[in-house]
Number of protein chains: 2
Amino acid sequence: MSTAAEQGRAVRRRLLRAAAELIAERGWRAVSTRVLAERAGVAPGVVHYHFTSVQALLTEAAIGAMRDVVDGLGPVLDRARTPAEAVDLLLASLDDYTGNDPASLLFTEAYLAATRDAELRQAVGGVVVDFRRKLAGWLGEHGVRTPEETAAVLAAAIDGFLLHRALEPSLSAATVAPVLRRILAPPQFRGRTQRKGR
Amino acid sequence: MSTAAEQGRAVRRRLLRAAAELIAERGWRAVSTRVLAERAGVAPGVVHYHFTSVQALLTEAAIGAMRDVVDGLGPVLDRARTPAEAVDLLLASLDDYTGNDPASLLFTEAYLAATRDAELRQAVGGVVVDFRRKLAGWLGEHGVRTPEETAAVLAAAIDGFLLHRALEPSLSAATVAPVLRRILAPPQFRGRTQRKGR
DNA sequence: CTAGGGTTTGGGCAGTTGTCCAAGGCGATT
DNA sequence: AATCGCCTTGGACAACTGCCCAAACCCTAG
């Protein structure tokens with residue numbers, strides 16, 4: 001195996017890493033060929049040697065980074081013994097993400113860019129569905145009655161929480177955790193339905 | 001009052017309307033001076049006569065449009081008699097928003113652009129806080145124990161829901177509504193506290 | 001040593017961007 | 001009729017963009 005080919009793949013990886021960083025730093029649409037090359041320490045031409053387009057590079061980088069984060073959430077779930085504990089652990093691990101950190105920003109950027117690009121949309125959708133499936137499976141195994149719907153709301157609430165916290169840092173995980181836990185413990189033990197008022 | 005001045009303010013309004021449309025259509029960073037002018041039916045130079053910069057125009061347009069939407073949600077709330085009904089009505093009115101409609105896209109675009117611009121961030125944050133305050137006030141008057149936290153989670157979940165639905169249209173309001181309603185009816189009637197596990 | 005493959009270089013191309021500005025139009029006031 | 005204020009025009013500017021490509025490079029195989 002030639003050294004050149006090895007180095008080539010190393011440069012490719014460096015470009016992907018640079019892309020993930022720059023998406024978070026500057027925003028999806030502000031990542032240009034030249035900046036990518038500079039960050040990766042290569043000449044501008046290299047970008048279009050290893051990737052068919054800047055958009056393709058950004059897509060591959062974002063999806064990879066998102067998969068890493070989602071995969072990292074698996075072990076967190078496995079440490080929990082009850083659904084309530086799972087929510088607490090998830091939210092606690094979210095405390096690392098301020099809403100303005102690289103990982104959160106990359107997620108938001110990817111979500112948004114996905115609304116403009118069908119291919120990216122499908123890829124991002126795949127990541128989200130995977131996470132929801134994983135979460136739903138875990139919830140189902142731990143006694144939650146409607147695991148899919150619960151997982152869907154939980155996933156959406158978590159993303160919405162990150163989005164809102166980026167705008168208003170006073171929003172803390174501790175504030176929302178008690179409320180969010182209610183999702184897991186429906187008052188279905190009593191016969192009464194939801195219409196508690198009036 | 002001179003006709004020229006009147007026309008000037010009309011052109012200004014047209015530019016704001018064009019900006020709101022184009023943010024949704026093309027994305028925040030893809031709205032350019034020329035496209036704005038063309039959509040508003042004026043020469044390119046007009047943009048920088050009425051606004052100090054394109055960014056300023058976009059900001060004013062986005063905030064205005066967001067305020068309109070949030071103000072429109074007030075009457076929806078007033079039609080509800082119970083918190084559960086309020087959630088249903090809110091979600092139902094959300095059914096107009098597919099996640100890929102102009103209003104949803106403008107919100108997402110503004111949220112994201114806010115992470116890159118301090119001034120915009122503050123303005124968008126103000127809109128969100130206003131909505132949450134309004135919602136919290138209503139919830140408090142209708143028997144919800146922790147109105148602020150509940151409103152915060154509800155608002156975040158709704159935005160997250162829109163975000164996720166843009167990626168995966170199968171997600172419907174009907175699916176999440178039952179789960180989301182649990183947030184309002186905590187199992188606090190029983191003596192057991194939230195730490196149901198262990 | 002030569003030939004060949006994969007990789008890298010740096011400049012070139014045509015197009016777009018935000019911002020500015022000298023010049024002109026036009027109705028109201030003097 | 002002349003002047004004034006506000007608005008509008010369309011082009012100029014430098015700086016950027018994605019993509020491309022001939023040439024050079026370097027290491028391995030023959």
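The shown structure was predicted, so the numbers you read here are calculated from the model rather than taken from an experiment. Note that these values count all heavy atoms, side chains included, but never hydrogens, waters or copies made by symmetry. To find a chain, count down the sequence lines: A is the first, B the second, and so on, and within it residues start at 1.
If you measure from atom CG of A/Leu57 to atom C1' of D/dG18, you get 13 Å, rounded to the nearest angstrom. The separation between A/Leu15 atom CG and D/dC19 atom P is 14 Å, rounded to whole Å. Spacing between atom CG of A/Leu22 and atom P of D/dG18 amounts to 12 Å, rounded to whole angstrom units. Distance A/Phe51 CZ to D/dC20 C1': 18 Å, rounded to the nearest Å. Put simply, CZ on A/Arg12 is 16 Å from C1' on C/dT8, counting in whole angstrom units. Between the CD atom of B/Glu6 and the C1' atom of D/dG5 there is a distance of 15 Å, given to the nearest Å. As a whole-Å value, the separation of B/Glu38 CD from C/dT16 P is 12 Å.
Paired with A/Leu58 under the rule side chain to side chain contact (heavy atoms under 4.5 Å, CB included), one option of A/Leu120, A/Leu22, A/Ile23 passes, and it is A/Ile23. Of the listed residues (A/Arg39, A/Arg26, A/Arg14), just one forms a salt bridge (charged side-chain N to carboxylate O under 4.0 Å, His left out) with A/Glu21, and that residue is A/Arg39.
Distances shorter than 4.0 Å separate none of the side-chain N or O atoms of B/Ser32 from OP1 or OP2 on C/dT16. Residue A/His48 places none of its side-chain N or O atoms closer than 4.0 Å to OP1 or OP2 of D/dC20.
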With sugar-phosphate taken as primed atoms, P, OP1 and OP2 and all else as base, the protein-contact string of nucleotides 8-14 of chain D at under 4.0 Å (heavy atoms; B, S, -) is BBB-B--

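If you check the side chains of B/Thr175 and B/Arg165, you find no donor sitting under 3.5 Å from an acceptor. Remark: the A/Ser170 side chain and the A/Glu168 side chain contain an N/O donor-acceptor pair separated by less than 3.5 Å. For the residue pair B/Arg79/B/Ser93, the side-chain donor-acceptor check at 3.5 Å is not satisfied.
The residue B/Val31 sits close only to the backbone: its heavy atoms come under 4.0 Å of sugar-phosphate atoms, none of a base. Within the 4.0 angstrom heavy-atom criterion, base atoms lie near B/Thr33.
The two residues B/Ala61 and B/Ala19 make their nearest non-hydrogen contact at CB-CB, 3.6 Å.
With contacts defined as side-chain heavy-atom distances shorter than 4.5 Å, the pair B/Arg12/B/Phe51 qualifies.
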